[in-house]
Structure formats: C-alpha cells, structure tokens
Amino acid sequence: MKKGVQLTKRLSPSLSTIFNFNAPTHSLLRSSPWWSASQHRGVKVNAIHLRPGNVIEKSGRVYQIVESEHKQRGRGGALMQMELRDVDNGNKVSLRFGPEETVERVFVEEKSFTCLYTENNTAFLIEPETFDQLQVPLDLFGKSAAYLKEEMKVRLQLYDGRLLTAAVPKRVTCTIKETQTPMKGVSATPRYKKALLDNGLTVQVPPYLDTGEEIIINTEDDSYLGRAN
C-alpha cells in the first residue's frame with residue numbers, strides 16, 4: 001500500500017476533508033472553510049520599502065514581487081527595478097518605479113501546515129487543527145524544497161484564494177551523510193570543508209565535524225549555524 005493511502009486512512013472522515021487533488025490549487029483553498037478569501041487592501045508605501053514576496057496592485061492588476069533592485073542612473077536619479085509575477089496568470093513582467101513613488105501594497109493571508117511527505121514533485125500537507133489535506137507543487141518552495149521532511153511545519157501565503165508561496169523554517173536540523181574525516185595533528189587546517197547532508201545538499205561546515213553529526217542549517221543561504229543540541 002502506498003504511503004499516501006495509509007496516511008489518508010488514518011484520519012477519521014468526520015475530521016478530515018480530502019480535497020480533489022485534480023482541481024486547481026486556488027480552487028482547493030477557496031473551498032476550505034478555515035481559509036478566508038477576504039484580503040486587506042493595504043496602505044500606500046514608497047517603492048523603496050517594497051521587498052521580494054510583497055504583493056502590490058498596479059493598474060488594476062495584482063502582482064507579487066519576485067526581485068527588487070535599487071539602481072542609480074547618474075544624473076537621471078535613482079529607480080527601483082522590479083520583476084513581478086502576475087497573481088492571476090503567473091506571467092512575469094518588469095516594471096520601474098521611482099524610489100519615492102507610492103504603490104498600493106496588498107496584505108496577504110498566511111497559514112501553517114505540517115508536511116506529511118513529498119512525492120513526484122509534490123508536497124502533501126495537512127492542517128493540524130482541521131486535518132484538511134492539501135498538495136502543493138515543490139516549485140513553490142523554491143530551492144528550500146530540499147529541506148522538506150515529515151512533520152516539518154511550513155507556511156503558505158495566499159491572496160484571494162490563490163496560493164502564492166510556500167516556505168520552510170529558517171533553521172532546520174540536518175545530518176551529515178558524508179564528509180572528510182577530521183585530521184588530527186595538522187596545524188594548517190582549512191576553515192571549512194564540504195559536507196553532504198541527508199537531504200542531498202552539499203554545504204560548507206567546520207573541519208572538526210564528522211559523518212553522522214546533526215547540525216543546524218540556515219535554509220535561506222544553506223549556511224552552517226552550529227551543532228544541534
């Protein structure tokens with residue numbers, strides 16, 4: 001029996017809402033009673049204060065900021081170059097704003113889920129209070145999808161029933177699967193060495209760490225933070 005079937009059968013039908021996984025993601029979210037589709041129209045903010053992940057409204061369209069860069073044009077003054085993703089159709093566009101230009105920021109909803117497992121480029125999640133289940137494409141987690149594991153708490157970001165982004169915790173515990181054995185009695189040791197983690201990623205770690213040790217990794221930049229307690 002497949003893992004997904006086993007997990008579904010453990011949940012009581014009276015407690016669990018099993019979505020039609022063939023339906024579009026935004027339809028799944030709108031059909032769920034715990035997720036409010038009402039959004040808060042935001043405040044007017046200067047473009048220089050916008051960050052990747054923020055959602056704005058421009059000329060009747062709603063966009064999520066993918067990248068934002070402050071550029072100096074010499075005598076022409078500064079500008080904000082932004083790559084945006086249209087929330088409705090997923091298309092990406094590039095727009096320029098003056099640093100002090102006012103833009104309407106839209107506030108989105110966030111919800112916490114627990115990861116059940118991943119399979120075929122999909123993360124299967126469960127809402128811990130209602131036991132509603134949801135499948136999310138791994139692409140929405142970006143490069144951080146490699147850190148997903150069973151029972152991990154993740155956060156989803158939604159606008160008007162549309163799933164925008166998914167995120168893993170900033171700090172996660174991983175196990176060193178393979179690395180060079182620490183060398184004793186060598187005075188000139190490297191500051192860092194490569195280590196293969198149990199999730200398949202390779203990171204830089206201090207030379208005194210060995211295979212099998214549990215360490216804490218920053219998922220935003222894959223950097224070593226310390227040994228796990």
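Being a predicted model, the structure only gives us computed values, none of them experimental.
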Solution key, residues 200-208 side-chain donor-acceptor pairs under 3.5 Å, sequence neighbours excluded:
none

Atom of Glu57, atom of Gly60 and distance for their closest heavy-atom approach = OE2-CA, 4.1 Å
Connected to Val66, directly or through other members, by ILVMFWY side-chain contacts below 4.5 Å are none
About how many Å separate CD of Glu178 and CD of Gln180, when rounded to the nearest 0.5 Å?
-> 11.0 Å
Which pair of non-hydrogen atoms, one from Gln133 and one from Ile126, has the smallest distance, and what is that distance?
-> CG-CG1, 4.2 Å
With the side chain counted from C-beta on, respond yes when Leu125 and Leu156 share a heavy-atom pair under 4.5 Å apart, and no when they do not.
-> yes
Given Arg85, which of Val55, Leu164, Val62, Asn91 fulfils the side chain to side chain contact (heavy atoms under 4.5 Å, CB included) condition?
-> Leu164
Those residues at least two apart in sequence (or on a different chain) that pass salt bridge (charged side-chain N to carboxylate O under 4.0 Å, His left out) with Glu101 are Lys58
Rest of the hydrophobic cluster containing Leu79 (Ile/Leu/Val/Met/Phe/Trp/Tyr, side-chain heavy atoms under 4.5 Å)?
-> none
Hey, what do you get for CD (Glu129) to OG1 (Thr114), rounding to the nearest 0.5 Å?
-> 10.0 Å
State whether the number of non-hydrogen atoms from other residues, nucleotides or ligands found under 6.0 Å of Lys149 atom NZ is greater than 12.
-> yes
What are the two closest heavy atoms between Pro52 and Ser68, and how far apart are they?
-> CG-N, 4.3 Å
What residues, two or more places apart in sequence or in another chain, satisfy side-chain contact (heavy atoms from CB on, under 4.5 Å) together with Ala167?
-> none
From Ile215 atom CD1 to Leu197 atom CG, the distance as rounded to the nearest 0.5 Å | 5.0 Å
Interatomic distance, Asn54 atom CG to Phe107 atom CZ [nearest 0.5 angstrom] | 8.5 Å
Ser112: partners by side-chain contact (heavy atoms from CB on, under 4.5 Å), with sequence neighbours left out = Arg155
Can you name the salt bridge (charged side-chain N to carboxylate O under 4.0 Å, His left out) partners of Lys92, sequence neighbours left out?
-> Glu83
Listed by chain and number, what are the side-chain hydrogen bond (donor to acceptor under 3.5 Å, both in side chains) partners of Asn46, not counting sequence neighbours?
-> Glu100
Criterion side chain to side chain donor-acceptor pair (under 3.5 Å) against Gln157, the qualifying member of Glu109, Lys111, Gln64 | Gln64
Just jot down the salt bridge (charged side-chain N to carboxylate O under 4.0 Å, His left out) partners of Arg96, sequence neighbours excluded, or say none.
-> none
Residue pairs, two or more places apart or on separate chains, that pass salt bridge (Lys or Arg N to Asp or Glu O under 4.0 Å) and touch residues 192-206 = none
How close do Gly98 and Ala47 get, heavy atom to heavy atom, and via which atoms?
-> O-CB, 3.4 Å
pair Leu138-Leu148: side-chain heavy atoms closer than 4.5 Å = yes
Where do Phe141 and Val154 land on the side chain to side chain contact (heavy atoms under 4.5 Å, CB included) test, with the steps shown first?
-> CA-CA 10 Å; Phe141 288 92; Val154 301; 4.0 Å; yes
How long is the gap from OG1 on Thr175 to CG on Leu196, to the nearest 0.5 Å?
-> 11.5 Å
Taken to the nearest 0.5 Å, the spacing of Met82 CE from Leu95 CG works out to 9.0 Å
Using side-chain contact (heavy atoms from CB on, under 4.5 Å) as the criterion, list what pairs up with Arg61, not counting sequence neighbours.
-> Tyr63, Asp86, Asp88, Asn89
Exercise: identify the closest heavy-atom pair between Thr179 and Leu209 = CG2-O, 4.0 Å
When every non-hydrogen atom of Val136 is compared with those of Ala166, the smallest separation belongs to CG1-CB, 4.5 Å
Before giving the answer on side chain to side chain contact (heavy atoms under 4.5 Å, CB included), spell out for Thr173 and Ile216 the whole-Å C-alpha distance, their side-chain angles and the decisive distance to 0.1 Å.
-> CA-CA 5 Å; Thr173 298; Ile216 300 174; 4.3 Å; yes
Name all pairs fulfilling the side-chain hydrogen bond (donor to acceptor under 3.5 Å, both in side chains) condition that reach into residues 217-229, sequence neighbours left out, sorted by first residue then second.
-> Tyr147-Asp222, Glu213-Arg227, Asp221-Ser223
Candidate list Ile48, Ile56, Val43, test side chain to side chain contact (heavy atoms under 4.5 Å, CB included), partner Val103, passing option | Ile56
